[in-house]
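For the numbers below, each heavy atom of this structure counts, side chains included, while hydrogens, waters and symmetry mates do not. The first residue of the sequence shown is numbered 1, and numbering continues consecutively from there.
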Amino acid sequence: MQSPGFWDDQSSAAGVSARHAAAQRRLDTFRRLESDAGDLDELVELASDDEEMAAELAGQLDSIERRLAELEEARLFSGEYDTGEAVVTVHAGAGGTDSQDWAEMLLRMYLRWAERRGFGVEMKEASPGEEAGLKSATFLARGENAYGLFAAERGVHRLVRISPFDSSSRRHTSFAQVDVGPLDDETVDVEISEPDLRIDTYRASGAGGQHVNKTDSAVRITHLPTGVVVQCQNERSQAQNKQVAMQILRSKLIELEERKRAEQLAKERGEVKDVAWGSQIRSYFLHPDQRVKDHRTGHESGDTERVLNGDIDDFVRDYLLKTAA
């Protein structure tokens, strides 16, 4: 960064500067942790005869353990896109209105989790269900390690509960699919040919300003060779929606290539289990008992309300540790 002409190439310089800032933040965290850990011996001596100091020691230990866990988590992100930002899409699956309601519940869980993690979130599309909930929704998660974290949630999520939409109050099982792709900076070589695209425009729905429901500003793009469909309706103009939709399409195509590589690697390792990213990863039981179970790691929680309010760090960390191992 100190070399002459560093800022001549603004795009490249901005990328290097961002990586430098991320490395500096991690180094600062480590140095503060190292310093605080070094103070523990003195605190232990003082706390042996002082209840007030004992309470301070307990708080210091909790803080150090939490920050150490965060550093350990950061160590797990070694993939090409892990440290970058993410495009997250939630789709309702089989189950009609119940699944559309479940998709909206999942979206709420992820938005709250993103807030807890300090990520910026930009909603790009939300298609409401006929009676309730959402058919699909797409948002961008911006922040360090956003893709590495959200990628741990990729797959099918199952909900078992007494349906609020069933007049007979019967138990229903609903499914929703979570897709996660890296938000690339257009430096990744993804070949998209114009003849391979079908671009449709339609009238946006929902809140969003005076242009909503008055102009065909929303854009849907279908990539014909793969069948990948993306859409955007939250920008102010059709041109802006098309630009964002193309960015999301690039993300989806990168995700598709990553999936193919993961499946090929699994075959080479001789893994028999289904490694498709669309396979069911977690079940949320609200009836007859209340618990959440991750089928990949076996991790369980009995506090379903806390999980659905966005406290899923333990599930994600367990999965990341398992895949790293």
Can you see which heavy atom on [X] is nearest to which on [Y], and at what distance?
| X | Y | answer |
| --- | --- | --- |
| Ala103 | Val90 | O-CG1, 3.6 Å |
| Gly93 | Ser99 | O-CB, 3.3 Å |
| Pro128 | Ala126 | CD-O, 3.5 Å |
| Arg116 | Gly310 | CD-O, 3.3 Å |
| Val307 | Ser301 | CG2-OG, 3.8 Å |
| Pro182 | Glu255 | CD-N, 4.4 Å |

Does the side chain of [Y] come within less than 4.5 Å of [X]'s, by heavy atoms?
| X | Y | value |
| --- | --- | --- |
| Glu72 | Arg317 | no |
| Leu149 | Trp113 | yes |
| Val178 | Ile281 | no |
| Thr138 | Val230 | no |
| Asp313 | Arg117 | yes |
| Met105 | Arg161 | yes |
| Glu122 | Val244 | no |
| Ser251 | Tyr147 | no |

Report task. Look at Glu70 together with Arg32 and state whether they make a salt bridge at an N to O cut-off of under 4.0 Å. Result ->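 Not counted as a salt bridge, because no side-chain N and carboxylate O are separated by less than 4.0 Å.
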Query raised in the report: Less than 4.0 Å between a side-chain N and a carboxylate O, is that true for Lys242 and Glu235?
Result: no
Does atom [atom1] of [X] have more than 12 heavy-atom neighbours from other groups under 6.0 Å away?
| X | atom1 | answer |
| --- | --- | --- |
| Glu115 | CD | no |
| Phe6 | CZ | yes |
| Gln24 | CD | yes |
| Arg198 | CZ | no |

Report task. Start with the C-alpha distance between Glu65 and Leu68, add both sets of side-chain angles, then the distance that settles side-chain contact (heavy atoms from CB on, under 4.5 Å), and finish with yes or no. Result -> CA-CA 5 Å; Glu65 288 177 353; Leu68 188 58; 5.7 Å; no
Rounded distance [0.5 Å steps], [atom1] in [X] versus [atom2] in [Y]:
| X | Y | atom1 | atom2 | value |
| --- | --- | --- | --- | --- |
| His157 | Ser283 | NE2 | OG | 10.0 Å |
| Ile312 | Asp318 | CD1 | CG | 12.5 Å |
| Leu33 | Asp28 | CG | CG | 12.5 Å |
| Leu308 | Leu106 | CG | CG | 8.0 Å |
| Thr173 | Leu159 | OG1 | CG | 8.0 Å |
| Ile221 | Ile199 | CD1 | CD1 | 5.0 Å |

In a table with atom names and distances, give each donor-acceptor pair under 3.5 Å that connects a side chain of residues 37-52 to protein atoms at least two apart or in another chain.
unit_1	atom_1	unit_2	atom_2	d
Ser48	OG	Glu45	O	2.7
Asp50	OD1	Glu52	N	2.9
Asp50	OD1	Met53	N	3.2

side-chain contact (heavy atoms from CB on, under 4.5 Å) partners for [X], two or more places apart:
| X | result |
| --- | --- |
| Ala132 | Thr97, Phe165 |
| Arg26 | Leu71, Ala74, Glu144, Asn145 |
| Leu76 | Leu320, Leu321, Ala324 |
| Ile162 | Ser169, Arg171, His287 |

Query raised in the report: Apart from Val160 itself, what residues make up its hydrophobic cluster when side-chain heavy atoms of I, L, V, M, F, W and Y under 4.5 Å apart count as a link, directly or indirectly?
Result: Phe285
Requested in this report: Quick one: do Glu305 and Gln290 satisfy side-chain contact (heavy atoms from CB on, under 4.5 Å)? Show the steps, please.
Outcome: CA-CA 9 Å; Glu305 183 177 355; Gln290 295 209 355; 5.9 Å; no
Query raised in the report: Looking at residues at least two apart in the chain, or sitting in another chain, which of them share a salt bridge (charged side-chain N to carboxylate O under 4.0 Å, His left out) with Asp289?
Result: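 Salt bridge (charged side-chain N to carboxylate O under 4.0 Å, His left out) list for Asp289, sorted by chain: Arg291.
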List in chain and number order the residues that pass side chain to side chain donor-acceptor pair (under 3.5 Å) with [X], two or more places apart in sequence or in another chain; answer none if no residue qualifies.
| X | result |
| --- | --- |
| Glu153 | Tyr110, Arg282 |
| Ser163 | Asp98 |
| Arg108 | Asn309 |
| Ser136 | Glu125 |

Give a yes or no on whether the backbone of [Y] and the side-chain of [X] come within a donor-acceptor separation of less than 3.5 Å.
| X | Y | value |
| --- | --- | --- |
| Ser237 | Gln240 | yes |
| Thr201 | Val219 | no |
| Asp294 | His299 | no |
| Arg154 | Val180 | yes |
| Ser35 | Arg31 | no |

Query raised in the report: Hey, mind stepping through Glu85 and Leu140 against side-chain contact (heavy atoms from CB on, under 4.5 Å) and telling me if it holds?
Result: CA-CA 7 Å; Glu85 300 170 338; Leu140 309 184; over 6 Å; no
Query raised in the report: So, His91 versus Asp179: side-chain donor-acceptor pair below 3.5 Å or not?
Result: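 Note: His91 and Asp179 side chains meet the donor-acceptor criterion.
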Query - Short side-chain donor-acceptor distance under 3.5 Å, Thr89 and Lys252 - result: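 Thr89 and Lys252 do have a side-chain donor-acceptor pair below 3.5 Å.
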When the side chains of residues 55-63 are checked against the rest of the protein, which donor-acceptor pairs come out under 3.5 Å, sequence neighbours left out?
unit_1	atom_1	unit_2	atom_2	d
Ser63	OG	Arg67	NE	3.2
Ser63	OG	Arg67	NH2	3.2

If hydrophobic clusters are built from ILVMFWY residues whose side chains come within less than 4.5 Å, do [X] and [Y] share one?
| X | Y | result |
| --- | --- | --- |
| Trp7 | Val16 | yes |
| Leu197 | Val229 | no |
| Ile192 | Val87 | yes |

Report task. Look at the aromatic rings of Phe150 and Phe119 and report parallel, tilted or perpendicular, splitting at 30° and 60°. Result -> tilted
